[in-house]
Chemist: 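Here it is: the structure, laid out below.
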Amino acid sequence: MIEVKGFSFTYPTGSRPALHDIGFEVGPHELCAVVGGSGAGKSTLAGVVSGTIPHLTGGSAEGLVRVNGRDLADIALSGLVGEVGLVMQNPFNQISGARFSVREEIAFGLENMGVPRDEMAARVDTVLHDLGLTKVRDRSPYELSGGQQQLLAIGSVLVMRPTVMVLDEPTSQLDAAGSALVFEALGTLREQGVTTLLIEHRMERLARAADHVLVLDGGMIVAQGSPGEVLADERLEEWGVAPLRYTVAARRAAARGLWPDARPLPVTLDAAAEGFGATVAHLARGDRR
Amino acid sequence: MSTVQNSPHATGNSFVHRLSPLTKLTFAVTVTVCAFAVVDYRWPLLLFCALLLPAAIGAKVVRRFLLMLATFWVPVAAILFVIQGFFFPEAHDVIARFGPLELKSEGVAYALLTALHILVLMGGFFLLLLTTHAATLMSALSERNVSPSLIYIVSAALQIVPTLSRRATRILHAQQARGQVIHGLRGRARALVPLVGPLILGAFTDVGERAAAMETRGFGATRRPTSLITVPDSAVQRSARVAMMLCAVAAVTVNVWGVMR
Ligand SMILES: Nc1ncnc2c1ncn2[C@@H]1O[C@H](COP(=O)(O)OP(=O)(O)OP(=O)(O)O)[C@@H](O)[C@H]1O
Ligand SMILES: [Mg+2]
């Protein structure tokens with residue numbers, strides 16, 4: 001459970017707030033997606049929810065951030081270990097640098113938590129399997145491709161079984177198969193009741209996976225709602241977010257009266273196909289008359 | 001970067017490989033202490049030939065063992081012979097002349113003894129490195145309550161070369177992508193200059209993010225971390241370690257009392 005109310009934050013070296021008056025809630029079993037252009041404050045928000053900002057960065061913070069009912073201002077970062085998982089934007093920085101194989105790297109967090117060896121081995125092997133990393137398990141983390149490192153970073157957090165997951169562009173370097181595995185893992189987590197905050201550029205996947213979408217622009221939440229509402233908003237591009245191509249196509253079609261009147265603009269391929277299908281059927285009927 | 005460089009990787013499965021790293025560490029320390037305890041060049045030579053060399057042969061690492069000694073020990077020994085042979089203070093027994101330089105027997109004897117001491121020291125630790133995966137050693141130390149921060153620093157030091165080289169490759173690729181064409185040796189040298197900035201700065205600016213990652217992964221969260229890697233050990237090995245430590249203590253005592261001088 002994540003609750004943020006009236007939260008603002010300015011970096012110690014920042015002249016203006018990186019986040020301004022942010023408010024939202026994400027419940028268990030929910031996946032909330034965050035979108036926005038470069039420098040919008042997405043990574044800052046990820047740091048705030050995972051407790052690293054302002055605990056480790058310093059800077060001035062105002063407002064409330066609660067995770068699983070606890071005010072983050074009142075607890076040390078070590079108190080959140082295993083409860084909140086953070087997958088950072090740059091997987092390279094997340095690798096401990098002190099483990100010699102992928103398998104050991106994934107175990108690092110569990111070792112630190114003092115999990116018994118047998119349980120640890122089983123959990124590590126499950127994660128390796130789920131993320132398709134079994135074949136590179138004995139390689140050095142530094143001998144992986146960027147995408148494999150990203151999967152490794154995700155795995156090393158997943159294995160700790162946090163109840164709140166924060167992922168900062170976890171699929172930016174992954175191919176279709178890799179991101180499918182990640183979204184599959186996220187789906188499983190959601191079924192297990194995990195609260196997820198996901199920063200992601202792949203709108204198509206978001207539209208299908210998210211319960212809720214936030215748009216950040218200049219450190220402020222400029223829109224939030226269901227994927228259908230938010231991703232079809234015509235101001236999306238102004239906010240620095242590229243809309244889906246079929247949403248744009250449907251909007252252009254609608255301007256020419258070629259989109260069914262009451263139908264919302266599509267944010268998934270299926271919805272787009274249905275909408276255009278309905279239009280075609282309508283036109284065909286009109287022709288026959 | 002090869003795996004071998006990343007971690008002094010021991011892929012073998014000999015009797016020596018399967019020993020606890022602590023046993024091998026104790027062995028390395030004990031033979032070194034024993035070698036230094038006696039002032040007679042035949043003694044370290046005996047230790048090397050009777051213990052270290054057979055162990056390396058038994059572990060099937062003798063080729064790499066000798067190669068490492070050739071790389072690290074031979075230069076040290078050569079320097080010792082030159083410096084001590086010619087410039088040993090208060091030596092007067094000249095055995096050869098090279099122009100103004102006089103080679104003296106006292107110096108040669110001292111160099112021989114010191115070089116053989118170092119041979120045993122290097123031999124013991126190379127044997128440990130060649131037959132032990134770094135991860136197992138770290139795990140063993142962790143089980144002995146060695147501070148997690150110290151273990152982290154040692155492990156990270158073993159990995160720092162691949163980390164930096166990986167970062168360097170990335171920066172080079174990025175710079176080439178921005179149109180910096182690299183031709184020939186001088187071009188390569190020049191390409192290193194802009195590499196230094198991002199490399200060093202990057203290493204610093206990433207510190208905060210790395211620290212955050214380590215914290216969220218629970219580094220330092222418990223006093224007693226567990227370890228994924230199993231460390232092989234046995235009652236026999238534990239007793240052997242105690243015996244070796246007693247040996248080392250005895251060697252030091254004997255040396256201090258000067259009984260064998
Ligand atoms: N460590 C820092 N110190 C000072 N200012 C920072 C720091 N990190 C980020 N900022 C500033 O805060 C703002 C938000 O940055 P943030 O990294 O959160 O953006 P983002 O939405 O994640 O961007 P991107 O899509 O490029 O990852 C930017 O204006 C940035 O310059
Ligand atoms: Mg970011």
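Reckoned from all heavy atoms, side chains included, excluding hydrogens, waters and symmetry mates. Letters go in sequence order (proteins before strands), and every chain restarts at 1.
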Chemist: Determine, for B/D233 against B/R238, whether the closest basic-nitrogen to carboxylate-oxygen distance falls under 4.0 angstrom.
Modeler: yes
Chemist: I need the residue from A/L56, A/L80, A/I53, A/L86 with the largest number of non-hydrogen atom pairs under 4.5 Å to chain B.
Modeler: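 Top option by heavy-atom pairs under 4.5 Å: A/L56.
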Chemist: Can a donor-acceptor pair be found, under 3.5 Å and without considering hydrogens, that links the side chain of A/H55 to the backbone of A/I75?
Modeler: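 Indeed, once roles are kept as given, a pair shorter than 3.5 Å links the two residues.
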Chemist: In terms of heavy-atom proximity below 4.5 Å to chain A, should B/I229 be classed as side chain, backbone, both, or neither?
Modeler: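 Both parts, backbone and side chain.
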Chemist: Chain B contacts: which residues in residues 154-164 of chain A have a non-hydrogen atom closer than 4.5 Å to it?
Modeler: A/S156, A/M160
Chemist: With a 3.5 Å cut-off and no angle check, do the side chains of B/S139 and B/S227 form a donor-acceptor pair?
Modeler: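 Yes - a donor-acceptor pair under 3.5 Å links their side chains.
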Chemist: Which one, A/M88, A/M113, A/Q94, A/Q89, leads in non-hydrogen pairs under 4.5 Å with chain B?
Modeler: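 Most pairs with chain B among the choices: A/M88.
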Chemist: Answer yes when A/R99 and A/E104 have at least one side-chain N-carboxylate O distance shorter than 4.0 Å, and no when they do not.
Modeler: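 Here A/R99 does not pair with A/E104 in a salt bridge, since their nearest N and O are not under 4.0 Å apart.
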Chemist: For residues 124-151 of chain B, which residue pairs pass the salt bridge (Lys or Arg N to Asp or Glu O under 4.0 Å) check, not counting sequence neighbours?
Modeler: A/R117-B/E143
Chemist: For B/T230, is it the side chain, the backbone, both or neither that has a heavy atom under 4.5 Å from a heavy atom of chain A?
Modeler: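 Contact with chain A is through both the backbone and side chain of B/T230.
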Chemist: Can a donor-acceptor pair be found between the side chains of A/S140 and A/E143 at a distance below 3.5 Å?
Modeler: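 No.
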Chemist: Side-chain contact, heavy-atom cut-off 4.5 Å: A/T52 with A/L77?
Modeler: yes
Chemist: What do you reckon, is CD of A/E184 surrounded by more than 12 foreign heavy atoms closer than 6.0 Å?
Modeler: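 It does not: A/E184 CD has 12 such atoms or fewer within range.
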